[in-house]
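Single-structure report; data block below.
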Amino acid sequence: MTAPTAPTAPTTAPAGPTTTPDPAPPRTPSGGSAFTEFARTHIAPRADTAYEAEVLDRLSWQRLADLGLWRLGVPEHLGGAGGTWRDLAEGIADIARGSDDLGFTLSLIAHAGLVRALVEHGNEHHHRTVLPPLMKGAVGATALTEPHGGSDVARTRTVGERTPDGWRLSGTKDHITNAPVADRALILGRVPALGRRDISLFLVNLHSPGVRRGPAEQLLGLRTSPTGAIHLRDVLLHPDAVLGEPGDGLRTLYDVISFDRALYGLVIAAFLEPQLDRVIDFARRREAFGVPILDHQYVQGRVTDIRVTVEVARATALAGIDALVAGDPEASLRCSVAKLVGSEGLVEAAQDLMRLHGHAGFMRGPLTRIVQDALGTLIAGGTSEMQRKNILNQMLAHRTD
Ligand SMILES: Cc1cc2nc3c(=O)[nH]c(=O)nc-3n(C[C@H](O)[C@H](O)[C@H](O)COP(=O)(O)OP(=O)(O)OC[C@H]3O[C@@H](n4cnc5c(N)ncnc54)[C@H](O)[C@@H]3O)c2cc1C
């Protein structure tokens, strides 16, 4: 095995010029969109190189921004193309369908959560200064996890203090998607001066004095989605740097991460669709006991299980996104269901794809990469245990007795 060489400095290659965006690429007769086509022709061919180098494909990132991806779902008066968050979600799923690169798609999800958070919870200052660059190719991140833990987000040790001119923020975030290359981040912290209800969300320009990033982490999979630490030392922020109300950060956060969770389900379904087509082709060609292996019932069982995952992950994800758009109080529960069934189903499906190829599936290559990438989705976006915990908490909270 070629030992992957993790760069100590992430790629920061500036992207190309921004052209006039095409707001909503039309759907093609095959059911995909211009995003799927772009993913097939541009992202997929670059994915192996990005994987070996363990970097985010910034060129494709910029081209997607130029194609208008980040304007989907953003209201027109904020410079977007209008529509709903389902449009953005479908755009990202279209990319997952064509790119063969789950890592890149997870980086898109991290960014999408920030774009939606700014629109839904941002003020005029955020809409004017933070949102526009994120629609034009800058990279966003959402930073909750800290070195002492990620599941219990309310235990954050990152501290914000008011100053005469705004805020001062200090703390350390760990394992943050896009951190090595991100330009802006939503950072979870607390404001001790507020008393018991003190969790707050800060918008931070990661090029500010006092911000330092760690090197890109060496991961088992998802290597085209760089993760890393963000160190904040007395970072001075604008008076309007808090997203939502100071002290109300947990409520805002649950809305923000719900969208991310539903997106996991949707992109997992989309990512698996072409894998399923390919494995059916293979199972028709490959023979054992004088017949194509697809004629064997146990093989058929694995193939149908993958299709069931595609259907269930997509349906639950869309139910979650539609609930979020509608302001349904059970949206958080539905989004956790989508994340849970999507990531657990993907791990099973990845093993099925590997097993269906026999020894060839165990040889280092695209199939082993899917297995490795799939495992990361059990942890990123909140572990399966935390999704179950949220589902139960939401069920109990919405009982009427
Ligand atoms: C690829 C990748 C990308 C990531 N990107 C981001 C990002 O962009 N932003 C970000 O903030 N974080 C990110 N993370 C970090 C991720 O969110 C955390 O790793 C995750 O929330 C778990 O936190 P932890 O690793 O500290 O584990 P811990 O919280 O220490 O948990 C350890 C184990 O205990 C279990 N556990 C904890 N509490 C309970 C409980 N109450 N009941 C049952 N089981 C429990 C957990 O499920 C887990 O199995 C990323 C992680 C990965 C792998």
Side-chain angles (χ1 to χ4, degrees), residues 6 10 51 54-56 101-117 139-158 171-189 199 201-204 206 213-214 216-232 243 249-250 252-254 256-261 263-264 267-268 271 335-336 339-340 342-344 346-347 369-394 396:
Y51 202 83
E54 302 190 42
V55 295
L56 180 70
D101 187 346
L102 199 58
F104 185 79
T105 317
L106 260 50
S107 277
L108 295 178
I109 292 179
H111 185 89
L114 180 53
V115 169
R116 178 177 170 276
V139 180
T142 301
L144 320 175
T145 305
E146 299 187 0
H148 65 273
S151 300
D152 190 0
V153 288
R155 293 293 162 102
T156 175
R157 294 178 188 168
T158 298
T172 298
K173 297 292 176 184
D174 230 352
H175 317 314
I176 308 305
T177 297
N178 296 342
V181 292
D183 300 291
R184 302 275 184 159
L186 185 64
I187 306 255
L188 181 82
I199 303 290
L201 291 166
F202 296 89
L203 282 159
V204 177
L206 294 178
R213 287 69 137 14
E217 294 168 337
Q218 292 191 316
L219 303 179
L220 174 66
L222 299 172
R223 296 181 193 172
T224 50
S225 176
T227 64
I230 301 174
H231 305 278
L232 306 146
L243 186 78
L250 271 188
T252 311
L253 179 69
Y254 268 93
V256 173
I257 60 178
S258 290
F259 187 52
D260 291 25
R261 288 171 172 177
L263 282 176
Y264 270 82
V267 304
I268 283 168
F271 173 79
C335 293
S336 275
K339 167 70 171 60
L340 180 65
S343 54
E344 295 283 347
L346 176 63
V347 171
R369 183 171 146 190
I370 294 173
V371 174
Q372 289 173 303
D373 286 356
L375 289 169
T377 70
L378 296 175
I379 299 164
T383 63
S384 293
E385 291 78 13
M386 298 319 290
Q387 306 308 329
R388 288 183 194 282
K389 193 165 144 58
N390 187 43
I391 292 165
L392 184 72
N393 287 345
Q394 298 292 322
L396 298 180

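Order of listing sets the numbers, starting from 1, for every ligand and every atom in it.
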Close-contact set for ligand 1 against [X] heavy atoms, below 4.0 Å:
X	result
Leu144	10 (C), 11 (O)
Lys389	41 (N)
Leu222	1 (C)

Taking all non-hydrogen atoms of both residues, which atom of [X] and which atom of [Y] are closest, and how far apart?
X	Y	answer
Ser225	Ser107	OG-OG, 2.9 Å
Leu250	Val153	CD2-CG2, 4.2 Å
Ala380	Tyr264	CB-OH, 3.3 Å

Heavy-atom proximity to atom 9 (N) of ligand 1, picking from Ile109, Thr142, Thr145, points to Thr142
Quick test of your reading of the structure: of Glu385, Gln387, Met386, whose heavy atom lies closest to atom 49 (O) of ligand 1? Glu385
Shortest protein heavy-atom distance from atom 51 (C) of ligand 1, along with the residue and atom involved: Ala380 CA, 3.8 Å
Atom 14 (N) of ligand 1 has as its nearest protein heavy atom His175 O, 3.2 Å
Determine whether a donor-acceptor pair (N or O, by modelled atom type, separation under 3.5 Å) exists between the side chain of Lys339 and the backbone of Thr377. yes
Mind checking whether Leu243 and Phe202 have side chains closer than 4.5 Å, heavy atoms only? no
With side chains defined as the heavy atoms from C-beta onward, is the minimum distance between Thr156 and Glu146 less than 4.5 Å? yes
Ala141 touching ligand 1 at heavy-atom level, < 4.0 angstrom: no
Should the proximity of Thr177 to ligand 1, defined as any heavy atom under 4.0 Å, be assigned to the side chain, the backbone, both, or neither? both
Which part of Ala110 is near ligand 1, with near meaning a heavy atom under 4.0 Å away: side chain, backbone, both or neither? neither
